[in-house]
Amino acid sequence: MGNVFGRKSQPSRVTEQDKAILQLKQQRDKLKQYQKRIYLQLQKERLLAKQLLKDGKKEKALLLLKKKRYQDQLLEKTENQISNLEHMVQDIEFMQIEMKVIEGLKVGNDCLKSMHEIMSIEDVERIMDETQDSIDYQKQIDELLAGALTQEDEDAVLAELEAITQGEDLALPEVPTEPIGGVPEAAKAEPERREAKNKPEREMLAA
């Protein structure tokens, strides 16, 4: 219970312009009701004046028509007032729309200002220069790589690309069958000569 009664009321979203529009519309509706009542009364008085003329009461009919004429003028003034009220309501509503547009423009302008503060023109120019330097550097590398290959290399690369595209197996270089380093034949016969030379000496010692 304490929370219910102690709850803070939220601020009203109804602006002064909304209140003014509501009052103007209420006044307009009252004038329309008055206008309708006058119009019905004028119809009745017109019928009554016609009946008085039939009864030979011309003076009363004339007096009634004068009253009707005055009410016609009131009816015309009421119509003008209703029109003025409606125009005023439209002007206020349109002004509210313009205020919202201006508020939106203000928010957008503040956002742009904050973005400009984060990235200045100097920063943009620096980034653009660095980007162009990177492009130029990569272009130089591409040109160097293109110049390092001979026409024969270019043809081999294209042939390999074509083979890969068609799914063919490339002919790899053959593995050499000789031992790495290639041992000379003289080096192979040297141990055999030493063995033949030492054989007589071993036989004499054994005898």
Side-chain angles (χ1 to χ4, degrees), residues 1-139 142:
M1 295 293 290
N3 292 333
V4 174
F5 291 103
R7 183 181 301 170
K8 294 183 179 179
S9 59
Q10 296 180 353
S12 176
R13 295 183 180 179
V14 180
T15 63
E16 293 299 325
Q17 292 81 7
D18 294 332
K19 293 178 180 179
I21 291 174
L22 179 60
Q23 292 177 358
L24 290 172
K25 288 183 177 181
Q26 289 175 344
Q27 188 64 30
R28 178 201 60 189
D29 294 339
K30 288 180 180 179
L31 286 175
K32 286 185 176 181
Q33 291 176 359
Y34 173 77
Q35 185 183 41
K36 184 177 181 180
R37 186 169 65 251
I38 293 297
Y39 181 75
L40 293 175
Q41 186 175 352
L42 287 175
Q43 287 183 329
K44 291 180 180 180
E45 290 179 353
R46 182 178 178 82
L47 293 175
L48 181 59
K50 187 182 293 186
Q51 185 63 38
L52 289 172
L53 287 175
K54 288 182 179 181
D55 296 341
K57 299 177 181 180
K58 185 177 179 181
E59 293 296 331
K60 289 185 177 182
L62 183 61
L63 182 63
L64 191 61
L65 290 176
K66 288 181 179 180
K67 179 182 177 182
K68 177 180 176 299
R69 178 60 182 172
Y70 174 74
Q71 289 177 336
D72 284 336
Q73 294 175 355
L74 288 179
L75 193 63
E76 184 177 355
K77 290 180 179 179
T78 302
E79 183 66 29
N80 291 333
Q81 291 177 352
I82 291 174
S83 178
N84 291 334
L85 288 173
E86 289 179 344
H87 287 160
M88 187 170 293
V89 169
Q90 293 175 358
D91 291 341
I92 294 176
E93 290 176 342
F94 183 73
M95 183 63 67
Q96 285 181 313
I97 295 175
E98 285 187 332
M99 289 177 63
K100 290 181 179 179
V101 172
I102 293 174
E103 289 177 358
L105 292 174
K106 182 178 180 299
V107 172
N109 190 31
D110 294 339
C111 181
L112 286 175
K113 285 182 178 179
S114 62
M115 294 175 67
H116 291 161
E117 291 176 356
I118 295 174
M119 181 172 291
S120 62
I121 295 178
E122 290 78 9
D123 293 334
V124 175
E125 291 178 348
R126 177 178 55 80
I127 293 173
M128 294 299 293
D129 291 339
E130 291 176 354
T131 302
Q132 186 61 42
D133 291 341
S134 299
I135 294 174
D136 294 340
Y137 182 73
Q138 184 62 41
K139 185 177 179 181
D142 294 339

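Here the structure is a predicted model, which means the values were calculated and not measured. Side-chain atoms are counted along with the backbone in the values below, which use heavy atoms only and exclude waters and symmetry mates.
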- Rounded to the nearest 0.5 Å, how far does NZ of Lys44 lie from CG of Leu47? 10.0 Å
- Task: Could you check if a side-chain atom of Val89 sits within less than 4.5 angstrom of a side-chain atom of Arg28, using non-hydrogen atoms only?
- Result: no
- Message: Between Gln43 and Tyr39, is the side chain to side chain donor-acceptor pair (under 3.5 Å) condition met? List the steps.
- Response: CA-CA 6 Å; Gln43 287 183 329; Tyr39 181 75; 3.3 Å; yes
- Output the distance between atom CD1 (Ile38) and atom CD (Gln73), rounded to the nearest 0.5 Å. 12.5 Å
- Query: With a 4.5 Å heavy-atom cut-off, do Glu103 and Val107 have their side chains touching?
  - Reply: no
- CG/Asn84 to CG/Asp91 distance, rounded to the nearest 0.5 angstrom? 10.5 Å
- Item | From CA spacing to verdict: side chain to side chain contact (heavy atoms under 4.5 Å, CB included), Glu93, Ile97 | CA-CA 6 Å; Glu93 290 176 342; Ile97 295 175; 5.7 Å; no
- Asp18: what forms a side chain to side chain donor-acceptor pair (under 3.5 Å) with it, not counting sequence neighbours? Thr15, Gln96
- Query: What's the spacing between Leu85 CG and Lys30 NZ if we round to 0.5 Å?
  - Reply: 11.5 Å
- Item | Atom pair CG (Leu48) and NZ (Lys68), whose distance is rounded to the nearest 0.5 Å | 12.5 Å
- In this structure, are over 12 heavy atoms from other groups packed under 6.0 Å from Leu112 atom CG? yes
- Just do the side chain to side chain contact (heavy atoms under 4.5 Å, CB included) check on Lys19 and Glu16 with the steps written out, would you? CA-CA 5 Å; Lys19 293 178 180 179; Glu16 293 299 325; 3.9 Å; yes
- Greater than 12 external heavy atoms within 6.0 Å of Glu76's CD: no
- Check step by step if side chain to side chain contact (heavy atoms under 4.5 Å, CB included) holds for Gln17 and Met95. CA-CA 9 Å; Gln17 292 81 7; Met95 183 63 67; over 6 Å; no
- Message: On a heavy-atom basis, which atom in Ala61 and which in Ala49 lie closest, and how many Å separate them?
- Response: CB-O, 3.7 Å
- Heavy atoms of other groups near Glu59 CD, more than 12 under 6.0 Å: no
- Query: With a 4.5 Å limit on heavy-atom distance, are the side chains of Lys106 and Asp110 in contact?
  - Reply: yes
- Message: Any non-hydrogen side-chain atom of Arg126 less than 4.5 Å from a side-chain atom of Asp123?
- Response: yes
- Can you tell me how far CG of Leu75 sits from CG of Asn80, rounded to the nearest 0.5 angstrom? 10.0 Å
- Leu53 versus Lys58: any side-chain heavy-atom pair under 4.5 Å? yes
- Pair listing, salt bridge (charged side-chain N to carboxylate O under 4.0 Å, His left out) test, anchored in residues 45-57, at least two apart: Glu45-Lys67
- Task: Let me see the working for Gln33 and Asp29 under side chain to side chain donor-acceptor pair (under 3.5 Å), right down to the final yes or no.
- Result: CA-CA 6 Å; Gln33 291 176 359; Asp29 294 339; over 6 Å; no
- Item | For the student: nearest non-hydrogen atoms of Gln35 and Thr78, plus distance | CB-CG2, 3.9 Å
